Amino acid sequence: MSAASRKESPEQAEFRVHCRQWLSENTPEKATVRLPESPVEIMTNEQMDYLRSWQKSAYEGGLIGCDYPKSQGGGGMTNCQPIANQEMQAAGVPMLPNVIGLGMGAPTIHYHAQDALKERLLPLLFSAENIWCQGFSEPGAGSDLANVQTFAEKVGDKWVINGHKVWTSLAHFADWMIILVRTDKEDKHNGLSYFVVPIKAALGKGVTVRPLIKITGETGFNEVLFDNLEITDDYRLDEVGNGWKVAMTTLLHERGAGQLVTPSAGRGVVKKESAGDAYSLMGLAKEFARDGKLASDDPVIREEIMKAIIRQEGSKQDARRSRVSSLCDHPMRLPLQTKLLMTEIRQDYAALALEIQGPASSLYLGDDNAPSAGAWPLAYMNSYGMTIAAGASEVQRNILGERILGLAKSK
Amino acid sequence: MSAASRKESPEQAEFRVHCRQWLSENTPEKATVRLPESPVEIMTNEQMDYLRSWQKSAYEGGLIGCDYPKSQGGGGMTNCQPIANQEMQAAGVPMLPNVIGLGMGAPTIHYHAQDALKERLLPLLFSAENIWCQGFSEPGAGSDLANVQTFAEKVGDKWVINGHKVWTSLAHFADWMIILVRTDKEDKHNGLSYFVVPIKAALGKGVTVRPLIKITGETGFNEVLFDNLEITDDYRLDEVGNGWKVAMTTLLHERGAGQLVTPSAGRGVVKKESAGDAYSLMGLAKEFARDGKLASDDPVIREEIMKAIIRQEGSKQDARRSRVSSLCDHPMRLPLQTKLLMTEIRQDYAALALEIQGPASSLYLGDDNAPSAGAWPLAYMNSYGMTIAAGASEVQRNILGERILGLAKSK
Amino acid sequence: MAQPKNFGFGEDEKMLRDTAQKFLKDNASVDKLHKLVAGNPDPYRAIESHWDKSIWDKIVEMGWTTVAVPESAGGMGMNLTALAALAEEVGRAALPSPFIATVNATLVVRECDGAVAEQLLGEIAEGKAMTLAGINKLGSWKSSDTDVTAKGDGDVVLNGTAYFVQDVAKSETLIVRAKSSKGVGLYTVAVDADGVNIVADSIIDLTRDQAHIQFNNVKVSSAQVIASGNGGAEAMDKAEPAILTVVAADMVGAGEWQLQTTVEYVNTREQFGHTLGYFQAVKHPVVNMMIMIDQAKSLVYNAACAIDDEPESAMKFARMANAMGSDVASFCSNRAIQFHGGIGFTWECYLHLYTKRQKHNQVMYGDSKYQRAKLAELLMGPVAA
Amino acid sequence: MAQPKNFGFGEDEKMLRDTAQKFLKDNASVDKLHKLVAGNPDPYRAIESHWDKSIWDKIVEMGWTTVAVPESAGGMGMNLTALAALAEEVGRAALPSPFIATVNATLVVRECDGAVAEQLLGEIAEGKAMTLAGINKLGSWKSSDTDVTAKGDGDVVLNGTAYFVQDVAKSETLIVRAKSSKGVGLYTVAVDADGVNIVADSIIDLTRDQAHIQFNNVKVSSAQVIASGNGGAEAMDKAEPAILTVVAADMVGAGEWQLQTTVEYVNTREQFGHTLGYFQAVKHPVVNMMIMIDQAKSLVYNAACAIDDEPESAMKFARMANAMGSDVASFCSNRAIQFHGGIGFTWECYLHLYTKRQKHNQVMYGDSKYQRAKLAELLMGPVAA
């Protein structure tokens, strides 16, 4: 019996068996469409339909929302979502498309919504019948979240929303949005409130979604404009003026630092040599030549690959150590590093991969001869989204310096 | 006839001949004492006496102060100091000890002192009969020069100085100090004034010099305390309240960006493999082994040496390009980078040299078996003085960002 | 030989550079460029070559293609410094044109003797666009590596494929590197010759086109042999310092644009009550962009000048210039996007045109690690086994 | 085999670590350390070994030297995680002591079988300080490279010099690596044995002593042979992951001290109207110090745990931990001095004690480039010629 399983609770052990069993019997059919690298790059209805149907199936199999109460459509278990995630990843099943809903929407709703709203929204979120998006960023509030200007005005028992959100991934498929808005123009931090908003139902009736195109040429995120959208007060999370606090719950879970672990599966169709892992550069270097020998025999390339692998392994072991409190000074010191490190490491090794591929890295997605079907140039370009979105790296370092080391605030 | 000499003026060409001739006939005798790496590390009277006598001889030979007016003890020539410097460096003669005086004192006095003072002070400065030090830094004003607190109060026709200067190189030998003081406590920038102060004459009578020890274990810089030191108004440079402006002249010349080129010679006793040049790492790597082969055959070490060499060559070519106005956008863009780059490059390649030396880099100055007599560990540690002193690298980057690129001031 | 202090950048060179800068500013602005090349963002779109032929015609008219052609062949025969200055301006404009390809072809052909080379140089001086072909499938940066073979004496038959051929859709003539038992020779082949099959690549860089070219029993007469024996590889090697310097200059020019554009953005965009440039997390890396660009630029002019006046050091200085140029390309692309934030990640922002061009320049001629390894061989000798 | 989730860091290990931390805080403060070792700054001073023997006696009393000694030899036989935790505290205190030297000797000796090894382990458990000797003049990091030779069967004679021997002035016994025709054996020799000439080195690190040791026909009886044949090199190789991990832990502990001290300084010192930590040019690199330390620390505990529970991965993870530990040592030393400004450049500021100890740790066991090259050999196989 391995050390890993030795520490599992009986519930976890039993659930692991269930997951394996279910996954062996319910492997999703191979997609007939080209699947994207990540859920936020879903471009077509065909892609979304396939992935949505898979998430629904996994939810029905009990592999999603495991640790949420049964009343909210969850499994009512304890610390079982990580088990399901491990098994889904090991089985190599496709990704879960409702990633914003699962990672940010669900925990925020769980902690801040009224019971009726939780019970109504969460089951449909878990099953991917409702796709969710998130509305934090604005043209004038990129990294400076407290500068949100989209305004919700109380008119009678309704709220009327006007404003402009940007970088909203999945908005072109979304049924709902979690949104941070201003309800008081005088008070920067206490003037924010937090709502859920039915987006799809309001298209053309107060809501406009405009797709933006990334430097990769792909779509995947959007601008969302609100023009006198009316919603009821039922859709408010927590108290008026508590939006900042609620947003912190969202961000905490986005950074993988919250209590509720986000359901996540594999990437299914992605090939072995895909652009997802620093270790994969070792194999990549065997496929390309430099100066008359294989890149894998160039000591300088080897050195750079090792640097990337060590940093990646360091982050993996950071995550492990963060759960051993006696080896951690401050409970948030490691969790708050996760997003910063993973995104910067990926950016660096994607750039290295292009160097390894040499001239062939010029070949892009549409080229029949592109190595790995152009996955590395794509990953390289997409890596910029990761170091900018959800709190740019600069802001992450401010947070770490100020919250963990107690350095003076930079504002 | 080479391209370099083709562009020389007749005066320059003639002067070059003179320099060669004089140097061939006046090579200084070999020192019987161990000489330091740089003038600011002169520790003993024996070292100072030897170097002072050499500077006096070079001054009498016409190789110092070439471009200053004859009335100020100079050579009355134009653009001839660089010629003298080239020839002195090529001849491998020792360093000039009065480095603060030559590099900062002389141009500042030249541009801002009254004629009588210039004529009195400069000949003795050039001949090293008077050694000079500089008093800018204070315990509370490191990189923030405008925060100078040492106060000069006008009492009758005298000034009374009280305060505390730090990091004053050569103060333990100095006859004179150039000093930035506050004369108005209300006005941060316009409340500064600039004086020359006779230090040695006032020792024990208002001036105390306390040597500080560097992390290398060497002395070389000092604290200087002023306790009611009285000086006459004759010693003021420029107008009261113009100290900031005068200080900028000093700093401009310190950074090698001023009109008047600082006289500089070689380092005389320094051996070929000394810690002075990125190119020297190539030879160093041939003397040490890594993993069963020479470090010079380790491609990763070669890569790092090449990085250092390219940066050093880049700085050298920057200096050349800075004199070709049609290839420069802003006249100060390159000169303001010089100090920042040279100090950071030296710090980096000194650290690399220690890696190349491996375990043997543990051996320090006092060890008979230390490679290069411990020059590299010494250079590595001293490099920190260079990235901190005379405007820390952080301040240099602020200056470049603000003055050259027009970015918002960081204060 | 010693270099002149001014890098050989005198009045003539300055006038050429200033004229080029003004011309490109007036005729090839970045918004015009974006409209021209970035109309269809779909990565799976059909491949098309987008460029403004009328700009090229004016470039030819202004004589840019004759700068590197010796006077004996009807060119201006200006120094490498002038050529580097032109390449810098072309990079600053991220100009889609066969200029760099034609210059690189010129630099190789002018290293060859004989009537065929002379004839070609004359055609270049008259504005005929050319491109080098011969890189192998592995993308090797060595002149002697090619997958194209030449068989036969006198009349020669070419077979095999040349990869990563630059701007062939804008060129009329291929300068083909091909291997025989005697070494690597050089041949001129029309793009529309029998047996030549040009297959366009779908590439990242929107400011260039690229193809791999299949040669199926392409017959080459003796009038098409630029260099026989191993003369092709030798000419390539001789031209390498100049090619590396020209490409480095393109990267420096593009880097300058990235710097300037980033400075303008961070001086405007406000966050947390200040313009972005106020924050040292932005200010200092932007300064580092400038520092690297300046070093690369100084190294480029030094290398260019060495090619003319200090040939024994040309290869050394060219590798330095190209290594730093590649590092400029990488770092400036990275920080420019990061500091533009979300908008820098969109197709509508012009930055991506430069990022992609820079990436292309970085990998196509030997990246900075390769240049440094080769520099080490020059300075320290080969690595002992 | 699989690792336990908690790195094997349970209640016993925690208590050991916490006790050590408190003991060192109370008895080995940095100002006490500075008074002890930094009294004479002159680089040309006569060489002396400065340490507080009474602290070492208490360390022995508390059983730290028995942690890595198997229970069968009278030790506590705790896991490597416990040892790493101790080393981290020793590094945090920059403690001058024979602890690291003795631990490293322990780790090698316990890989040897037989009565001599058993006897030595017993002596270590009782507090006898030992140190490994055998590095060659080139400072090679390979276990099979040594300039000491062993001649004869049964009774053996040692000749040659061992370089870079750590903390020998604080040790009673040498564990000597020497080469014979059969390979590299291991011998125990008293520091005051006949023919042993210890020549102290003048080194940078003030918290350690170092010497080279000349062996002039030193006679060794069979009771001093720890490992014959090539057993010495084999034991060194087996112990290498643990030694690398212990040294990395020392660097992590010292790095934590450098971080904490720097944070305190930049939170106090004001420039331009703010504490230094306000400025992102300081704040962000300080955060990077923390990030690197955290990665190194996590890798250290992972490596330590692998040595006990996942031995097939031990070498791989130890190289990762040591490489990152060296990078921590380098970066933290650099930024700590820089951000302390002028005061950080003075002898009176305690920083230099740590900078020098870190530098020593970095170069003595294979620097980070070496660790990464060796890691690449493990993961990718050797470099093809």
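Below, chains carry the letters A, B, ... as their sequence lines are ordered, and counting in each starts from 1. Values in this document were obtained by computation on a predicted structure and should not be read as measured data. Atoms considered below: every heavy atom in the structure, side chains included; atoms not considered: hydrogens, waters and symmetry mates.
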**Student:** Among C:Lys356, C:His360, C:Lys142, C:Glu270, single out the residue with the greatest number of heavy-atom pairs under 4.5 Å to chain A.
**Tutor:**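 Winner by heavy-atom pair count: C:Lys356.
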**Student:** Name the region of C:Thr346, side chain, backbone, both or neither, that has any atom closer than 4.5 Å to a heavy atom of chain A.
**Tutor:**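 The answer is both parts of C:Thr346.
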**Student:** Who wins among A:Pro377, A:Gly366, A:Pro359, A:Ser393 for the most heavy-atom pairs under 4.5 Å with chain C?
**Tutor:**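 The option with the most such pairs is A:Pro359.
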**Student:** Check each atom of A:Asn382 against the heavy atoms of chain C and say whether the ones under 4.5 Å are side chain, backbone, both or neither.
**Tutor:**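 For A:Asn382, backbone and side chain are both near chain C.
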**Student:** Compute whether any side-chain donor of one residue and acceptor of the other, for C:Gln258 and C:Gln358, lie under 3.5 angstrom apart.
**Tutor:**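 On atom types as modelled, these side chains qualify, holding a pair under 3.5 Å.
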**Student:** Using 30° and 60° as the class boundaries, would you call the ring planes of A:Phe221 and C:Phe345 parallel, tilted or perpendicular?
**Tutor:**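 Tilted: the ring planes of A:Phe221 and C:Phe345 meet at 30° to 60°.
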**Student:** Just so I understand: if I count every heavy-atom pair under 4.5 Å between each of C:Ala281, C:Gly139, C:Gly342 and chain A, which residue has the most?
**Tutor:**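 It is C:Gly342.
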**Student:** Given a strict heavy-atom distance threshold of 4.5 Å, which part of C:Tyr370 is in contact with chain A: side chain, backbone, both, or neither?
**Tutor:**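 Contact with chain A is through both the backbone and side chain of C:Tyr370.
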**Student:** Tell me, for C:Gln210 versus chain A, whether the close heavy atoms (under 4.5 Å) come from the side chain, the backbone, both or neither.
**Tutor:**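 It is the side chain, since no backbone atom gets that close.
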**Student:** Need one label for C:Asn334: side chain, backbone, both or neither, based on atoms under 4.5 Å from any heavy atom in chain A.
**Tutor:**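 C:Asn334 touches chain A through backbone and side-chain heavy atoms alike.
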**Student:** Would you mind checking which part of C:His212 comes under 4.5 Å of any heavy atom in chain A, side chain (CB onward), backbone (N, CA, C, O), both or neither?
**Tutor:**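 It is the side chain, since no backbone atom gets that close.
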**Student:** Among C:Ile204, C:Asp205, C:Leu138, single out the residue with the greatest number of heavy-atom pairs under 4.5 Å to chain A.
**Tutor:**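 Heavy-atom pair counts peak at C:Ile204.
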**Student:** C:Tyr354 ring centre to C:Arg357 NZ or CZ under 6.0 Å, with the angle to the axis within 45°?
**Tutor:**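 Judged by the rule, C:Arg357 and C:Tyr354 form no cation-pi pair.
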**Student:** Can you name the residues that form a ring-ring contact (aromatic ring centres under 6.0 Å, His included) with A:Tyr364, not counting sequence neighbours?
**Tutor:**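 A:Tyr364 satisfies ring-ring contact (aromatic ring centres under 6.0 Å, His included) with no other residue.
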**Student:** Should the pair A:Asp297-A:Arg290 be classified as a salt bridge under the 4.0 Å nitrogen-to-oxygen rule?
**Tutor:**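 Result for this pair is no, no salt bridge flagged.
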**Student:** Under the side chain to side chain donor-acceptor pair (under 3.5 Å) test, which residues partner A:Arg302, sequence neighbours left out?
**Tutor:**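 A:Arg302 satisfies side chain to side chain donor-acceptor pair (under 3.5 Å) with no other residue.
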**Student:** Measuring heavy-atom distances to chain C, does A:Glu304 have an atom under 4.5 Å in its side chain, in its backbone, in both, or in neither?
**Tutor:**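 When you check distances to chain C, only side chain atoms of A:Glu304 fall under 4.5 Å.
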**Student:** If I measure from the heavy atoms of chain A, does C:Tyr365 come under 4.5 Å with its side chain, its backbone, both, or neither?
**Tutor:**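 Neither part.
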**Student:** Select, from C:Asn40, C:Ile343, C:Val199, C:Ile47, the one with the greatest count of heavy-atom pairs under 4.5 Å involving chain A.
**Tutor:**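 Going by pairs under 4.5 Å, I would pick C:Ile343.
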**Student:** Does any donor atom in the side chain of C:Ser368 or C:Asp327 lie under 3.5 Å from an acceptor atom in the other side chain?
**Tutor:**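 Yes - a donor-acceptor pair under 3.5 Å links their side chains.
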**Student:** With a 4.0 Å cut-off, would you call A:Glu355 and C:Lys369 a salt bridge?
**Tutor:**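 Answer for the salt bridge query: yes.
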**Student:** For the candidates C:Arg208, C:Lys359, C:Gln280, C:His352, which exhibits the highest count of non-hydrogen atom pairs separated by less than 4.5 Å from chain A?
**Tutor:**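 Most heavy-atom pairs within the cutoff with chain A belong to C:Lys359.
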**Student:** Just give me the residue among A:Glu218, A:Arg397, A:Met381 that pairs up with chain C most often, heavy atom to heavy atom, under 4.5 Å.
**Tutor:**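 Sorted descending by pairs with chain C, the first entry is A:Met381.
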**Student:** Among C:Lys374, C:Arg45, C:Glu348, which residue forms the greatest number of heavy-atom pairs with chain A at distances under 4.5 Å?
**Tutor:**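 That would be C:Lys374.
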**Student:** Assess whether side chain to side chain contact (heavy atoms under 4.5 Å, CB included) is satisfied between C:Ile213 and C:Asn197, documenting all intermediate values.
**Tutor:** CA-CA 6 Å; C:Ile213 305 181; C:Asn197 185 24; over 6 Å; no
**Student:** Identify which of A:Leu354, A:Asp298, A:Asn147 forms the greatest number of heavy-atom pairs closer than 4.5 Å to chain C.
**Tutor:**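 Option with the top pair count is A:Leu354.
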**Student:** Are A:Leu284 and A:Met282 close enough, and set up right, to give a side chain to side chain contact (heavy atoms under 4.5 Å, CB included), and what steps lead you there?
**Tutor:** CA-CA 5 Å; A:Leu284 191 75; A:Met282 299 196 297; over 6 Å; no
**Student:** Do the ring planes of C:His274 and C:Tyr278 sit parallel (below 30°), tilted (30 to 60°) or perpendicular (above 60°)?
**Tutor:**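 The rings of C:His274 and C:Tyr278 lie parallel, inter-plane angle below 30°.
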**Student:** Which one, A:Gly292, A:Ala360, A:Ala370, A:Ala351, leads in non-hydrogen pairs under 4.5 Å with chain C?
**Tutor:**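 Ranked by heavy-atom pairs under 4.5 Å with chain C, first place is A:Ala360.
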